[in-house]
Structure formats: structure tokens, C-alpha cells
Trainee: 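I have a structure here, written as C-alpha cells, and I will follow up with some questions on it.
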Amino acid sequence: MPVLAANWKLHKTTAEAIAWVDAVQASPLLGRADVVVLPGFLQIPALSARIGHGPIALGSQDVFWEESGAFTGMVSAAQVREAGCRYALVAHSERRRCAGDDDRGAHARIRAALAQGLTPIYCIGEGLRERESGGFQRALKAQYDVALDGLSAEQAQRVIVAYEPVWAIGSGQPATPQQVGEVAAAIRAGVLARTGLREGMRILYGGSVQPQNIQGFLAQGTIDGFLVGGASLDPEEFLALLKAVVGGA
Ligand code: PGA
């Protein structure tokens with residue numbers, strides 16, 4: 001099934017989050033894609049209660065790698081799972097920039113998420129300078145090589161990789177479908193070489209995805225879904241994306 005993940009970042013009060021879920025939960029399109037909502041930590045329990053065992057899944061925007069201890073301000077994989085999450089975003093570029101997340105930390109976070117039965121969504125992406133200098137494939141390879149180091153094929157299969165070029169996030173300037181296709185092929189080859197995983201790894205694209213441009217990526221046929229920030233905040237816009245993803249547009 002395709003994946004459509006809504007990364008709300010630092011947006012929405014609990015009341016706004018519940019209103020969004022109420023608007024989206026009624027859609028008959030649900031159940032035809034893996035719909036994942038990544039709210040703020042504090043909204044997770046209320047949304048979990050509202051969603052129940054329905055078709056929307058919850059994820060956290062981060063997890064720390066330790067389960068407990070003297071780690072002020074951190075949230076563990078066990079805690080977010082207990083609160084109702086089934087997914088965990090790992091090393092989003094905004095966390096790499098604002099909170100110092102790096103590939104080694106991502107590796108530990110992925111392992112912690114997997115150990116708790118969460119599906120990690122591991123974010124990688126090159127900066128503009130790397131893209132323009134042509135060294136971006138090397139930069140991306142370093143990101144997934146470190147983060148997936150030592151994972152078995154079975155573990156790697158449970159990881160979703162989200163390719164999000166830093167220059168495309170929130171800029172209104174998405175990568176081209178061809179650029180995304182090239183990177184997805186390189187990731188699949190790189191992960192095969194590292195873990196022996198032949199097929200089954202799901203790869204998402206993220207970065208200025210909107211109802212107006214999503215068809216181009218779908219037509220390319222090389223990715224398994226999308227991680228969406230800005231266009232996921234409005235339920236109508238999100239449902240337009242979902243309609244496209246499940247083939248209804
Ligand atoms: P955007 O964000 O869709 O607003 O570009 C994507 C993301 O950061 O996950």
C-alpha cells in the first residue's frame with residue numbers, strides 16, 4: 001500500500017489536531033493507503049483516543065535511543081508506543097539543523113524504534129551546495145550507510161526511507177520526478193549492497209509536495225509514497241493528496 005504521512009512539525013493545538021482528524025476520518029479513501037499523522041508529542045494521547053483502532057496511524061516526530069534514564073527533555077520509543085504511535089520519524093532535516101541529530105544518532109534511534117515495534121521513517125536529503133556540486137549521491141549514501149549499518153535485511157525492510165532534499169522542504173520548489181527517481185534507485189541499490197535486502201524497502205519523497213504537483217511523482221512510479229509538511233495541515237488539501245495517491249484523481 002502507498003504511504004501518505006502528514007508531518008505537522010510545530011503546528012496545531014490539540015483542538016485543531018482533533019478537528020483535522022474528525023474531518024479526515026470520515027473519508028472513504030482511508031484504508032487504501034497507509035495514512036500516518038505525525039503530530040506534536042503533546043497531541044499524541046488525545047489523537048490516539050480519538051482515532052481508536054481506525055485507519056489513521058500515529059507517529060512521533062522523533063524518538064530518543066535510550067529507554068529511560070537521566071536524559072532531560074528526551075522522549076523514548078517505549079513512551080511514544082505506549083501513547084499510541086506505530087511510526088517514528090527519525091533525523092528529519094529540521095531536527096538535524098535545530099537539535100543536532102546526525103546519522104549516528106539516527107542509527108541508534110532506528111534500532112530503538114524497531115526494538116519497540118515502531119516503523120522508523122528515516123529522513124535523508126542533500127543540501128543545495130551538495131546538489132549543485134554534484135556530490136549529493138555520495139552525501140546521501142553516507143547518510144543511509146551509517147544509519148542502516150548492521151541492520152539485517154529483515155530489519156531494513158521495516159525501515160521507511162524518506163528522501164527529502166533540504167532545498168525542497170517548505171520552499172515551494174520540489175525536486176523533479178526524475179531527480180527523485182534517480183535517488184530512489186540509488187538508495188535501493190545501496191541498501192541492497194549493505195543489507196542484502198532485494199525488495200520491499202519503502203521509499204517516500206518529501207519536499208513541497210502539493211495537490212498540484214503530486215501527479216508527476218506518481219507517474220514516475222519509483223516511490224512508495226510521500227512525507228508532506230505544509231500541504232498536510234489543511235484536511236481538504238490532505239484529502240486531495242490522498243485521492244491522488246490511491247489513484248482517484
Ligand atoms: P513540506 O515539508 O511539505 O512543507 O516541504 C516536508 C517535510 O519537511 O517533511
Side-chain angles (χ1 to χ4, degrees), residues 2-12 16-17 20 24 33-41 43-44 56-63 85 87-103 106 109-110 113 118-128 130-131 136 139-140 143-144 147 159-177 179-180 183-184 187 202-218 220 223-245:
V3 179
L4 185 60
N7 177 13
W8 287 352
K9 311 187 180 188
L10 185 48
H11 293 286
K12 292 195 189 293
E16 289 165 350
W20 187 101
V24 169
D34 285 334
V35 171
V36 183
V37 174
L38 305 155
F41 285 118
Q43 278 68 52
I44 292 169
I56 298 176
L58 291 176
S60 59
Q61 295 178 16
D62 177 43
V63 281
C85 289
Y87 293 77
L89 207 56
V90 172
H92 187 279
S93 69
E94 286 151 14
R95 284 201 50 90
R96 290 178 188 261
R97 193 184 73 230
C98 303
D101 289 8
D102 61 12
D103 300 332
R109 287 173 159 88
I110 287 170
L118 299 169
T119 298
I121 303 177
Y122 173 48
C123 301
I124 63 172
E126 80 282 8
L128 190 56
E130 287 158 330
R131 169 59 69 172
F136 63 96
L140 292 170
Q143 291 179 9
Y144 59 74
V159 178
I160 296 177
V161 173
Y163 170 53
E164 297 206 309
V166 177
W167 45 272
I169 295 175
S171 66
Q173 284 229 309
T176 65
Q179 287 171 329
V180 173
V183 169
I187 294 171
R202 292 189 288 176
I203 300 177
L204 313 184
Y205 169 68
S208 298
V209 175
Q210 288 163 355
Q212 303 87 297
N213 60 30
I214 196 167
Q215 287 298 346
F217 299 108
L218 290 166
Q220 244 262 343
I223 50 166
D224 305 287
F226 301 91
L227 178 57
V228 185
S232 75
L233 295 173
D234 175 60
E236 293 293 313
E237 225 178 332
F238 183 80
L239 286 171
L241 294 170
L242 181 58
K243 191 169 175 203
V245 165

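Position 1 is the first residue of the sequence; numbering continues from there. The figures here come from the full heavy-atom set of this structure, side chains too, leaving out hydrogens, waters and symmetry mates. Because the structure is a prediction, the values reported are computed rather than measured. In listed order, ligands and their atoms are each counted from 1.
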Trainee: Taking only residues two or more places apart in sequence or in another chain, which ones pass side chain to side chain donor-acceptor pair (under 3.5 Å) with Tyr163?
Mentor: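 Per chain and number, Tyr163 pairs via side chain to side chain donor-acceptor pair (under 3.5 Å) with Glu126, Arg131.
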Trainee: Atom CZ in Arg202, atom CD1 in Ile121: separation rounded to 0.5 Å?
Mentor: 8.5 Å
Trainee: With backbone taken as N, CA, C and O and side chain as the heavy atoms from C-beta onward, which portion of Asn7 lies under 4.0 Å from ligand 1: side chain, backbone, both, or neither?
Mentor: side chain
Trainee: What protein heavy atom lies closest to atom 2 (O) of ligand 1? Include the residue and the distance to one decimal.
Mentor: Lys9 NZ, 3.2 Å
Trainee: Mark up the atoms of ligand 1 that fall under 4.0 Å of a heavy atom belonging to His92, in ascending order.
Mentor: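 By the 4.0 Å cutoff, the relevant atoms are 7 (C), 8 (O), 9 (O).
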Trainee: Could you give me the CA-CA distance, side-chain angles and deciding distance for Ile169 and Glu94, then say whether side chain to side chain contact (heavy atoms under 4.5 Å, CB included) is met?
Mentor: CA-CA 9 Å; Ile169 295 175; Glu94 286 151 14; 3.5 Å; yes
Trainee: Which protein non-hydrogen atom lies closest to atom 3 (O) of ligand 1, naming both residue and atom, and how far is it?
Mentor: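 Checking every protein heavy atom, the shortest distance to atom 3 (O) of ligand 1 gives Gly229 N, 2.8 Å.
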Trainee: Using a strict cut-off of 4.0 Å, indicate which atoms of ligand 1 neighbour a heavy atom of Gly207.
Mentor: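 Close to Gly207: 5 (O).
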Trainee: Can you tell me the protein heavy atom closest to atom 7 (C) of ligand 1 and the distance?
Mentor: Glu164 OE2, 3.2 Å
Trainee: Using a 4.5 Å cut-off on heavy atoms from C-beta on, say whether the side chain of Trp20 contacts that of Pro39.
Mentor: no
Trainee: Would you call Ala231 a ligand 1 contact, heavy-atom distance under 4.0 Å?
Mentor: no
Trainee: Counting non-hydrogen protein atoms only, what is the nearest one to atom 4 (O) of ligand 1? Give residue, atom name and distance.
Mentor: Gly230 N, 2.8 Å
Trainee: Hey, which atoms in ligand 1 end up nearer than 4.0 Å to a heavy atom of Gly170?
Mentor: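 With Gly170 as reference, the close atoms of ligand 1 come out as 1 (P), 4 (O), 5 (O).
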Trainee: Any idea which heavy atoms bring Gln61 and Arg95 closest together, and the distance?
Mentor: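 Smallest interatomic distance, heavy atoms only, reads O-CD, 3.8 Å.
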Trainee: Determine whether the side chains of Glu164 and His92 contain a donor N or O and an acceptor N or O closer than 3.5 Å.
Mentor: yes
Trainee: Where do Cys123 and Arg96 come nearest, in terms of heavy atoms and distance?
Mentor: O-NH2, 3.0 Å
